[in-house]
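In what follows, chains carry the letters A, B, and so on, assigned in the order in which the sequence lines appear, proteins first and then strands, with residues in each chain numbered from 1.
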Amino acid sequence: MTDLGIAIDPSVEAGGRGAFRMFLRNKAAVAGLVVFTFIVLVTIFGPPIYGVEAHKMAAGPFLGPGDDAGPLLGTDYLGRDILAGVITGGRTTLFVAAVAGAMAMGLGLVVGSLAGYFGGWIDALLMRFTEIFQAMPSLLFSLVLIYLMGPGTWKETLAIGLTLWALPARLTRAEFLRVREMEFVKASRAIGSSDLRIMTRTILPNAMPPLLVAATLLVVIAILFHAGLAFLGMVDINTISWGSIMGKNRGYTLTAWWTVAFPGIAIVITGLSIALVGDGLQDAFNPKLRGR
Amino acid sequence: MALLALNDLTVTFDDFTAVDSVNFTIEPGETLGVVGESGSGKSVTALSIMRLIEMGTRAKIERGQAEFTMPDGSTIDLLKQNETTMRSIRGNQIAMIFQEPLTSLNPVYPVGEQIAESLRIHERLSRKAAMARARQMFDLVRIPEADKRIRQYPHEMSGGMRQRIMIAIALCCGPRLLIADEPTTALDVTIQAQILGLIKQLQVETGTAVMLITHDMGVIAEVADRVVVMNQSKVVEQGPVDQIFHSAKEPYTQGLISAVPRLGSMAGKDDPEAFHLAGSLQ
Amino acid sequence: MIALARSIGIRLGQAIGLLLAVVVIVFLMIQIAPGDAALYLAGEQGVGDAEFLAKIRADYGLDQPLLVQLGTYVGNVAQLDLGESTYFSQPVLGLILDRLVATALLAGAALLFSVTIGVALGVFTARRPESPASHGVTVMSLVGFATPVFWLALMFIVVFAAKWGILPVGGIEDVRYEGGWFGETIDMLQHLVLPAISLGIIYLAIYSRLARASMLEVLESDYIRTARAKGAHERVVVYKHALRNGIIPVVTAAGLQIGNLLSGALLVEFVFAWPGIGRLMITSIFRRDSPMVVGIVIFSAAMVIIANLLTDLVYRLIDPRIRVGGSR
Ligand SMILES: Nc1ncnc2c1ncn2[C@@H]1O[C@H](COP(=O)(O)OP(=O)(O)O)[C@@H](O)[C@H]1O
Ligand SMILES: [Mg+2]
């Protein structure tokens, strides 16, 4: 920085509270949070309220959206209600993404914090191990996992979780390396705190901001992964999800574009709302980088 | 006639006035010290003269004149010139070196090429001729092993070496005014003395005027002919060095003077002492 | 020069070691997976055919101790033997190589598109941080990040191919087309446009924002001020002094993203019936052609590792601070 640039970092002074207030002032981020909450509520309470079963024939086939005879978003080749599919399918997609994201985050936290905290050969070993998984293209890797394990919602979730942990692991390691050298960590060590205590109580809270941002991104990536796998037909064919609706209707894209358009739009809106929250968190934690 | 006459220069950042009605002149060949604590508006003043202050910042030059005497004797107001004219003046008539030698050079180009660039811009030299001149500049700024170092990248050099490269870039086109904005603040004490000595000596050799910005009265004592004291965006006092040191009127100036450690060249003496060139260079 | 060669040698060694580790991990995954490894290797032909399974066990040495099996497996891969496809009854590697060009063409075109346009957009908007275009880059990057590439591909087909009829819907060539090599190249490029843009636009969204952030930072740096103080033209300041520093993070990101690019390519190949490795992977999974599936994973890991090596090299060319022998 030149001496002309004044660098004030409010989050440092105001702590997490300041960051929270920054976040609330960010309109896009708050909008993202509201939309996401709405989507979650719809997937939870929507199906009983809407009352149309997603996998049953509801009207004639290939009714377009807005067609008087059919439901709002039209029907597919078997006359199934697309809106019902989108509402119901969101459950699976969001559930798998949330659990797989948490799994990847947890695994990444463990690997990354061990590597970053202990350093030395432990770090070297764990990072080489991480590199191996990063060398395999992620989608191919989860495809192989599912291929070997067989289909099923839990197995898909596990496959996605096992695919995505390298990213949070690297980030956690970097954060631990950074925070490890700070004074209060040395102080904590000096008063004889155990390694586990230092890692979880002292370092982790200070490494949290970027990890929180990463967690939001990870959920978006998990949504896209699940959608991709379901689209390819690699998952349990009886479970409705946003990806599977698109996969089943793929052959009719040219006759009935709405059958693939709307589940995809649901994904984009959901992913965008989460990404906006992540972006807002990023700005709130690191105001200097705003708008970049 | 003064080489540069600043009149009523006022620069703002949004509603903050960083430079407030600043007046001073620089005579050909002299060294003007501009002193003041951090944040007093010294850099903004310098960058305003170069017309670089409004680039990439929210700064605005509100009013004032900066009358600069061109080699043909005519004067122009720098604050009214267009970008094309300013480009032909920057690095050619007025050159500038900065506080941070570590970050002021482009990391991805060899230093020789960065010196040659100025020559190619202003003297339209061929690549080869420019490099040959750059090679000579290495000797001028006393960098040994020029043939090897000319091909090195900034990260392969020490801070002092990099500041010498900056000086070479600044002086290669023979500017009539050199603005040095805290050129030694980021350097070790021993290197500081070397760089100041070098600037002083090159000034004697080339006859360029120097506007030396610093927050250190000790530096002023060693190299300046006249001093401008700035505080909180304003010029509070100016005059010849010995006058300021002997009979400063402003308490602020007196404070700056009393803060000078009585070490080195000033140790045990009341008066400032001119810089001794001999032996101060490596 | 010698130091450079040495450091490249070291990187090469690391790369080979990494590939070996991938092979070992893949092998272990097959072993750990529930069920009989022979069944996986046999594919659909093997189901209920005890004799065939026994032959597979003998062929692949599955009756041997685990370590011996691993040794054999690694040895085979080292001799570029990825086994034989149970569906095609041909060597896996040959089948992959047949499709390599199509995939490389798709991924390469997408990469080129996203990096060049992304950097151009980044430079343009970094100089006008408050412009509508700049806000557009922010929005586009978030939307692009959240968009499933296969969905985008399908929507492109709906709009450009079906509705407007200006570009082909799928495949790599029009079989009815008769023409010289020139006409055929044009035909192929026409087929490439939609797949490459579908894939590239997602990364374009990411790289344009990254390039802008990086350019904004670089344009504030002291050496940019130095360049201006020399009297350099703003064009030179931006394109000579700033750009070369500004693209470093983009090159790094593009290198790290190669694996994801190949993942995206798989989906795009599937949608556009593009005859590449990704589509082969999916059809092989449906055929339960295990040697093919495993072979593709190992081969694509090798592609990622080679791409990373190349990135490293480009990186060294751009940034002299990456000291010889230094690590990433
Ligand atoms: N880029 C900038 N943006 C906003 N304010 C600035 C900027 N640069 C300088 N300032 C303001 O101008 C004042 C004077 O700065 P400067 O001239 O750099 O002081 P110094 O005398 O230390 O060189 C600073 O206190 C700061 O408030
Ligand atoms: Mg300053």
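Between T103(B) and S221(C), every side-chain heavy-atom pair lies at or beyond the 4.5 Å cut-off. Considering only heavy atoms from C-beta on, R244(C) comes within 4.5 Å of Y109(B) through its side chain.
There is no contact between I224(C) and chain B, counting heavy-atom distances below 4.5 Å. For a residue to count as touching a neighbouring chain, one of its non-hydrogen atoms must lie under 4.5 Å from one of that chain's; by this rule V218(C) does not touch chain B. For chain C, the nearby part of L105(B) is the backbone; its heavy atoms alone come within less than 4.5 Å.
The two residues S104(B) and R225(C) make their nearest non-hydrogen contact at OG-NH2, 4.3 Å. Minimum interatomic distance between G231(C) and I121(B) (heavy atoms only, all atoms of both residues): O-CG2, 3.7 Å. Smallest separation of non-hydrogen atoms from P320(C) and P107(B): CG-O, 3.2 Å.
For the atom pair M55(B) CE and E220(C) CD, the distance stands at 15.0 Å (nearest 0.5 Å). With values rounded to the nearest 0.5 angstrom, L119(B) atom CG is found 9.5 Å from K230(C) atom NZ. Taken to the nearest 0.5 Å, the CG atom of D319(C) stands 8.0 Å off from the NE2 atom of H155(B). How far CD1 of I165(B) is from OG1 of T226(C): 12.5 Å, rounded to the nearest 0.5 Å.
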Identify all side-chain donor-acceptor contacts of residues 109-123 of chain C below 3.5 Å with residues at least two apart in sequence or on another chain.
| unit_1 | atom_1 | unit_2 | atom_2 | d |
| --- | --- | --- | --- | --- |
| S114(C) | OG | A110(C) | O | 3.0 |
| S114(C) | OG | L111(C) | O | 3.1 |
| T116(C) | OG1 | L112(C) | O | 2.6 |
| T116(C) | OG1 | F113(C) | O | 3.4 |

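Few gaps surround CG on D72(B); more than 12 heavy atoms of other groups in view lie less than 6.0 Å from it. The environment of R151(B) atom CZ is sparse: at most 12 non-hydrogen atoms of other residues, nucleotides or ligands sit within 6.0 angstrom.
Under the salt bridge (charged side-chain N to carboxylate O under 4.0 Å, His left out) criterion, R58(B) pairs with D14(B), sequence neighbours left out. Applying the ring pair (Phe, Tyr, Trp, His ring centres under 6.0 Å) test to F150(C) and every residue at least two apart in sequence or in another chain returns F231(A).
In terms of heavy-atom pairs under 4.5 Å with chain C, the best-connected choice from E117(B), R51(B), H122(B) is E117(B).
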Next on the checklist: Assess the residue pair N245(C) and N106(B) against the criterion (side chain to side chain contact (heavy atoms under 4.5 Å, CB included)); give the C-alpha distance rounded to whole Å, side-chain angles, the decisive distance to 0.1 Å, and a yes or no.
Outcome noted: CA-CA 9 Å; N245(C) 287 282; N106(B) 194 327; 2.8 Å; yes

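By a heavy-atom distance cut of under 4.5 Å, R87(B) are the residues of residues 75-89 of chain B near chain C, going up by number.
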